[in-house]
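What follows is a set of notes on a single structure, which appears directly below.
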Amino acid sequence: SDRVGQTILEYFQKNSYIDKEHINVVGFNFGGYYAVRLAAQSTGIRAVVNMAGPMHYAFESGYLNKLPSYIQNILRKASGEKDFAGFATTAERFSLLKSGLLKQLTCPCLVINVRDNFFVPLADSYVFAEESKLPAVIKVYDDEYSFPKHISEVYVLMLEWLKQNQ
């Protein structure tokens with residue numbers, strides 16, 4: 001996924017019809033994770049939005065073991081591990097905190113999550129504010145995992161924030 005993101009970014013940067021000064025990256029769930037990861041490893045990204053994407057705590061084995069079995073099975077298959085225990089022991093390498101990538105981020109980041117997100121703990125939203133050298137904007141919705149319920153509000157918030165950070 002790092003190569004895919006980097007290839008897309010290079011494509012944008014090489015094309016004359018794209019404003020290279022205003023490239024933003026937005027992602028939801030693991031897309032949010034990869035948006036932050038790409039922004040930390042690249043130059044030329046103006047701002048990044050992580051909507052409910054994991055950053056650190058979601059990759060700890062104690063947290064992963066509490067996930068519903070169908071999510072564990074998806075993660076195991078996606079990782080190529082033979083069993084979930086194998087994935088849980090290697091998942092910590094994906095932590096943006098442990099890898100040092102949060103400290104490499106040089107563009108503003110908007111983090112959006114819901115308080116009761118069963119997949120990405122709320123602490124992951126705050127790890128950015130605690131560990132990044134940049135100011136963080138964090139929006140947390142108080143109800144259950146219900147982005148569809150707030151989708152229009154989320155998009156307005158995101159677009160207004162991106163406009164302010166251009």
Side-chain angles (χ1 to χ4, degrees), residues 1-15 23-107 109-134 136 138-141 144-148 150-151 154 158:
S1 291
D2 287 338
R3 286 184 295 172
V4 171
Q6 199 62 43
T7 301
I8 293 168
L9 181 60
E10 288 169 9
Y11 174 81
F12 287 165
Q13 291 171 334
K14 289 179 184 176
N15 284 282
I23 297 174
N24 302 296
V25 185
V26 176
F28 182 73
N29 282 75
F30 269 100
Y33 166 81
Y34 279 108
V36 173
R37 189 174 174 88
L38 178 64
Q41 294 175 324
S42 307
T43 58
I45 294 176
R46 185 69 173 222
V48 62
V49 178
N50 178 346
M51 291 187 283
M55 290 203 223
H56 172 65
Y57 297 107
F59 298 115
E60 292 184 340
S61 60
Y63 185 79
L64 290 167
N65 288 325
K66 296 176 185 175
L67 291 173
S69 60
Y70 73 95
I71 298 274
Q72 291 179 354
N73 195 37
I74 291 168
L75 293 171
R76 178 197 59 78
K77 285 181 179 180
S79 71
E81 292 287 341
K82 293 179 184 174
D83 56 28
F84 183 73
F87 171 73
T89 58
T90 61
E92 289 185 6
R93 66 188 163 125
F94 293 105
S95 167
L96 296 173
L97 176 62
K98 287 187 177 183
S99 67
L101 288 174
L102 284 181
K103 293 197 184 296
Q104 293 177 27
L105 198 61
T106 59
C107 65
C109 185
L110 170 63
V111 180
I112 303 170
N113 205 346
V114 291
R115 187 164 311 285
D116 295 323
N117 186 337
F118 73 91
F119 185 62
V120 178
L122 190 56
D124 267 14
S125 298
Y126 293 108
V127 76
F128 178 83
E130 295 164 359
E131 299 296 332
S132 175
K133 59 185 176 184
L134 300 169
I138 299 169
K139 171 64 177 172
V140 177
Y141 291 93
E144 294 178 17
Y145 191 77
S146 58
F147 274 107
H150 298 287
I151 200 70
V154 167
M158 179 181 62

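Heavy-atom basis, side chains included; hydrogens, waters and symmetry copies ignored.
Of all heavy-atom pairs spanning C109 and L105, the tightest one is CB-CD2, 4.2 Å. Shown here for A39 and C107, the closest heavy-atom pair between the two residues is CB-SG, 3.9 Å. Of all the heavy atoms in G44 and Q13, the pair that sits closest is CA-NE2, 3.8 Å. Smallest separation of non-hydrogen atoms from P121 and A58: CD-CB, 3.7 Å. The two residues V120 and G53 make their nearest non-hydrogen contact at CG1-O, 3.6 Å.
Partners of E10 under the side chain to side chain donor-acceptor pair (under 3.5 Å) rule, at least two apart in sequence or in another chain, do not exist in this structure. Checked against side-chain contact (heavy atoms from CB on, under 4.5 Å), L122 has the following partners two or more places apart in sequence or in another chain: N113, R115, S125, Y126, V140. By the salt bridge (charged side-chain N to carboxylate O under 4.0 Å, His left out) test, E81 is found to be paired with no residue, residues two or more places apart in sequence or in another chain being considered. When the ring pair (Phe, Tyr, Trp, His ring centres under 6.0 Å) test is applied to Y57, no partner is found at least two apart in sequence or on another chain. Evaluation of the side-chain contact (heavy atoms from CB on, under 4.5 Å) rule for A85 yields D83 as partners, not counting sequence neighbours. With sequence neighbours excluded, no residue forms a side-chain contact (heavy atoms from CB on, under 4.5 Å) with T106. Remark: K66 engages no residue in a side-chain contact (heavy atoms from CB on, under 4.5 Å) (not counting sequence neighbours).
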Could you go through residues 67-75 and list every donor-acceptor pair under 3.5 Å that involves a side-chain atom there, pairing it with any protein atom two or more places apart or in another chain?
{"unit_1": "Q72", "atom_1": "NE2", "unit_2": "L64", "atom_2": "O", "d": "3.1"}
{"unit_1": "Q72", "atom_1": "NE2", "unit_2": "N65", "atom_2": "O", "d": "3.1"}
{"unit_1": "Q72", "atom_1": "NE2", "unit_2": "L67", "atom_2": "O", "d": "3.2"}
{"unit_1": "N73", "atom_1": "OD1", "unit_2": "R76", "atom_2": "NE", "d": "3.3"}
{"unit_1": "N73", "atom_1": "OD1", "unit_2": "R76", "atom_2": "NH2", "d": "2.9"}

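Distance alone, capped at 3.5 Å, places no donor-acceptor pair between the N29 side chain and the G31 backbone.
Side-chain contact check for I112 versus V49: some heavy-atom pair is nearer than 4.5 Å. Within the 4.5 Å cutoff, no side-chain heavy atoms of N50 are placed close to those of V48. In this structure, F59 and L96 have side chains that are not in contact, with every pair of non-hydrogen atoms separated by 4.5 Å or more. A heavy-atom distance below 4.5 Å is found between the side chains of I23 and L9.
Ring geometry for Y33 versus F94: interplanar angle over 60°, hence perpendicular rather than tilted (30 to 60°).
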M55/L97 under side chain to side chain contact (heavy atoms under 4.5 Å, CB included): CA gap, chis, key distance, verdict: CA-CA 7 Å; M55 290 203 223; L97 176 62; over 6 Å; no
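For residues 53-62, no residue pair satisfies the salt bridge (Lys or Arg N to Asp or Glu O under 4.0 Å) rule, not counting sequence neighbours. Pairs passing the salt bridge (Lys or Arg N to Asp or Glu O under 4.0 Å) check and including a residue from residues 121-132, sequence neighbours excluded, read K103-E131. Applying the salt bridge (Lys or Arg N to Asp or Glu O under 4.0 Å) test to pairs two or more places apart or on separate chains, those with a residue in residues 36-55 are D2-R37.
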